[in-house]
Structure formats: structure tokens, C-alpha cells
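Report on one structure; see the data block that follows.
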There are 2 protein chains.
Amino acid sequence: METLIKVLKGGSCKITPQRIAVYNVLQDNFDHPNAEAIYNKLAPTYPTISLATVYKSLELFAELGLIQVINIGENSFRYDYNAKSHPHVVCTKCHKVEDLEDESFMELSSAVEEMKHYKITKQQLCFYGVCPECTDM
Amino acid sequence: METLIKVLKGGSCKITPQRIAVYNVLQDNFDHPNAEAIYNKLAPTYPTISLATVYKSLELFAELGLIQVINIGENSFRYDYNAKSHPHVVCTKCHKVEDLEDESFMELSSAVEEMKHYKITKQQLCFYGVCPECTDM
DNA sequence: ACCTAAAAAAATAAAAATTATTATTTACTA
DNA sequence: TAGTAAATAATAATTTTTATTTTTTTAGGT
């Protein structure tokens with residue numbers, strides 16, 4: 001919250017109730033919502049907000065490095081409050097998306113750099129399977 | 001080509017010129033085209049083909065395990081002739097997508113299984129950076 | 001605290017990607 | 001080779017995202 005205000009100011013962007021609201025939804029929901037899910041979460045308490053504003057806020061946050069955009073093979077993008085690169089685990093039954101905060105995966109980039117002689121700047125790892133809860137059924 | 005016919009027959013699907021044409025485009029183009037790129041490739045030699053048919057063929061091939069659908073953070077899906085799970089390396093300058101055929105990355109799934117107690121069935125790894133050709137500029 | 005200029009929001013339209021529908025054509029079985 | 005089920009083409013509809021335009025709001029300077 002303090003972070004949001006600091007970063008917005010740093011980027012000479014205005015602090016608006018809409019931006020705060022969108023950011024708070026991401027902060028409170030670790031289910032990696034897409035733009036529409038965020039919009040729906042906001043609807044009850046913020047009935048006048050526009051979906052375009054949600055998209056524009058998310059785009060801005062991503063540019064400012066506040067959040068990250070992820071892509072788990074669905075037809076829409078999802079947004080992650082944690083901007084730091086980390087793997088995601090997707091349950092193919094209940095469709096939940098979990099974070100895997102493990103630094104060791106970051107080393108893969110250097111392996112790729114050696115193999116392909118690229119200068120790697122970002123990595124996106126996604127594992128699909130059945131979660132413990134769904135296995136028991 | 002023989003593979004396509006065998007698998008289509010095995011799935012009791014009909015062997016049509018359109019399906020053969022779509023499959024051939026993927027076989028001959030390792031740049032991981034999206035549906036529209038495939039459609040455009042076909043247009044000169046196959047002017048009557050419909051974009052919907054391209055989509056339906058690709059969907060079928062993916063279901064039959066002939067190809068794989070990948071997702072490199074663009075707004076459209078790309079299709080990979082190589083159905084076996086392998087990492088992809090994307091150049092953020094020229095936007096080319098390369099395959100990284102290295103078995104060692106497959107071990108990551110078991111690591112994730114242990115950490116999160118999921119039964120992992122698929123993994124999708126994507127590395128972004130600047131390719132050797134683009135670095136020299 | 002008030003005015004002002006610039007930025008952002010809302011509403012809407014447009015664009016892009018994908019899927020669904022329906023009539024016609026084609027592939028394959030018997 | 002005739003019949004039937006499946007596939008294609010053409011088109012419409014849907015979904016997701018972006019652009020446009022008008023109105024409103026923020027934040028800095030008086």
C-alpha cells in the first residue's frame with residue numbers, strides 16, 4: 001500500500017481511488033485473478049469502476065514493476081501481486097494457481113544462457129498437475 | 001506425414017487435404033506459428049481454406065497428441081510440431097521462438113511434485129532474452 | 001483553501017483472437 | 001458405388017483487450 005503510493009509518485013503517476021482499489025484486490029487475492037475477476041471483485045464496493053480502468057491500472061502496475069503478468073495457457077492473462085519471477089503450479093482439476101517461491105529455479109536462466117548464448121532477462125515456468133486436495137477425490 | 005495418417009486413423013478421424021496441409025505447414029516451419037500465420041502460409045496454395053478449419057485442425061492435432069500448444073505471453077497461441085515437452089527461448093528483440101531440446105529440464109517436475117505434493121503431468125518453461133544475432137546490433 | 005492544467009476515469013466503440021452455427025461438400029464404410 | 005457421418009466453408013457470435021472521446025479528478029501553484 002505504501003509501496004504503491006511510493007512507486008506511483010516515483011513514476012509521476014497520480015494516486016487515484018481506482019488504482020488503490022485494483023492494487024488492493026491483488027494484494028488480498030492470491031489466486032492470480034484475471035482482469036475480469038478483479039473487476040467483479042470490485043463491482044460490489046465500487047460499482048462505477050470501468051473494466052477499461054482495471055486493464056489500464058494493471059498495465060501501469062506491470063510497467064512500473066509492481067506486479068507481474070502471467071499466462072498459464074488460458075485465453076486471458078492473470079496478474080500476480082508478487083512481481084518477482086517464480087514458478088507457478090496449476091491444478092488441472094480445480095484450476096487453482098499456486099506460487100512456488102524457491103530461488104533454486106532462478107539458476108536455470110544461466111544454464112539456458114550457456115546453451116543457447118542468449119542473454120536471458122526473464123523466465124516463466126509453469127507446472128501442471130493435480131493438487132493434493134483434488135487427488136483425494 | 002505417415003504419422004499424421006496413422007494417428008488420424010487411430011482416432012477414427014478423416015484424412016482430409018486441409019488437415020494434411022495444416023500439418024505440413026507445422027512440419028516445415030519451426031518458427032512456432034500461430035493460427036493466423038498458418039492460415040497465411042496456406043493461402044497462396046490453398047486459397048479456399050477457412051481460418052476456422054485451421055483452428056479446428058490444430059485443436060484436433062493437440063488432442064491427439066500430435067502437436068503442442070504453447071503460450072509465450074502473446075495474445076495468441078502458437079503451435080509446436082514437436083509434441084514432446086521442452087523449454088522455449090524467446091528473443092525479445094526479433095521475437096523468434098527457439099526450442100531447447102534438453103532432457104535435463106524434465107527433472108524439474110519431480111522436484112515440484114515433492115515440494116508441493118502435486119502429481120505433475122505437464123510443464124511449460126519459457127525463457128526470454130536477447131538472441132546472439134540481436135546482441136551484435 | 002481555490003484555480004488550473006494535465007492526467008485519469010467512464011462509457012463506449014473498435015479490434016483481435018477464438019469459438020459456434022449452419023448449409024454444403026467430402027471421405028469412407030458397407 | 002451409394003449412403004451416412006464427419007468435415008469444410010462461410011459467416012456470425014463470443015471473448016478478451018485496446019482505443020477513443022468526453023467528463024471528472026488529482027495535485028501543484030497561488
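The figures here come from the full heavy-atom set of this structure, side chains too, leaving out hydrogens, waters and symmetry mates. A, B, ... follow the sequence lines: proteins, then strands. Residue 1 opens every chain.
Taking the ring-ring contact (aromatic ring centres under 6.0 Å, His included) definition, one finds that H86(A) meets it with H88(A), sequence neighbours left out. In this structure, R19(A) has no salt bridge (charged side-chain N to carboxylate O under 4.0 Å, His left out) partners at least two apart in sequence or on a different chain.
Contact annotation: the side chain of T53(B) never approaches that of V22(B) to less than 4.5 Å [non-hydrogen atoms, C-beta and beyond].
With rounding to whole Å, I38(B) atom CD1 is found 14 Å from dA17(C) atom P. The distance from atom CZ of R78(B) to atom P of dA16(C) is 17 Å, rounded to the nearest whole Å.
Counting only residues at least two apart or on different chains, no salt bridge (charged side-chain N to carboxylate O under 4.0 Å, His left out) pair has a member in residues 22-48 of chain B.
The residue among S12(B) and P47(B) whose nearest nucleotide of DNA chain D lies closer to the 5′ end is S12(B).
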Strictly under 4.0 angstrom, non-hydrogen atoms only: write out the protein contact profile of nucleotides 18-30 of chain C, one letter per nucleotide from the 5' end, B, S or -. BBB------BS--
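Here Y118(B) and Y128(A) keep their ring centres 6.0 angstrom or further from each other.
Contacts between chain A and DNA chain D, taken as any atom within less than 4.0 angstrom of a protein heavy atom, begin and end at dT16(D) to dA27(D).
Listed here is the closest heavy atom pair of I67(B) and A62(B): CG1-N, 3.7 Å.
Other residues sharing the hydrophobic cluster of M106(B), ordered by chain and number and joined by side-chain separations under 4.5 Å: none, the residue standing alone.
The structure places OG of S85(B) at 9.5 Å from CD of E103(B), a figure rounded to the nearest 0.5 Å.
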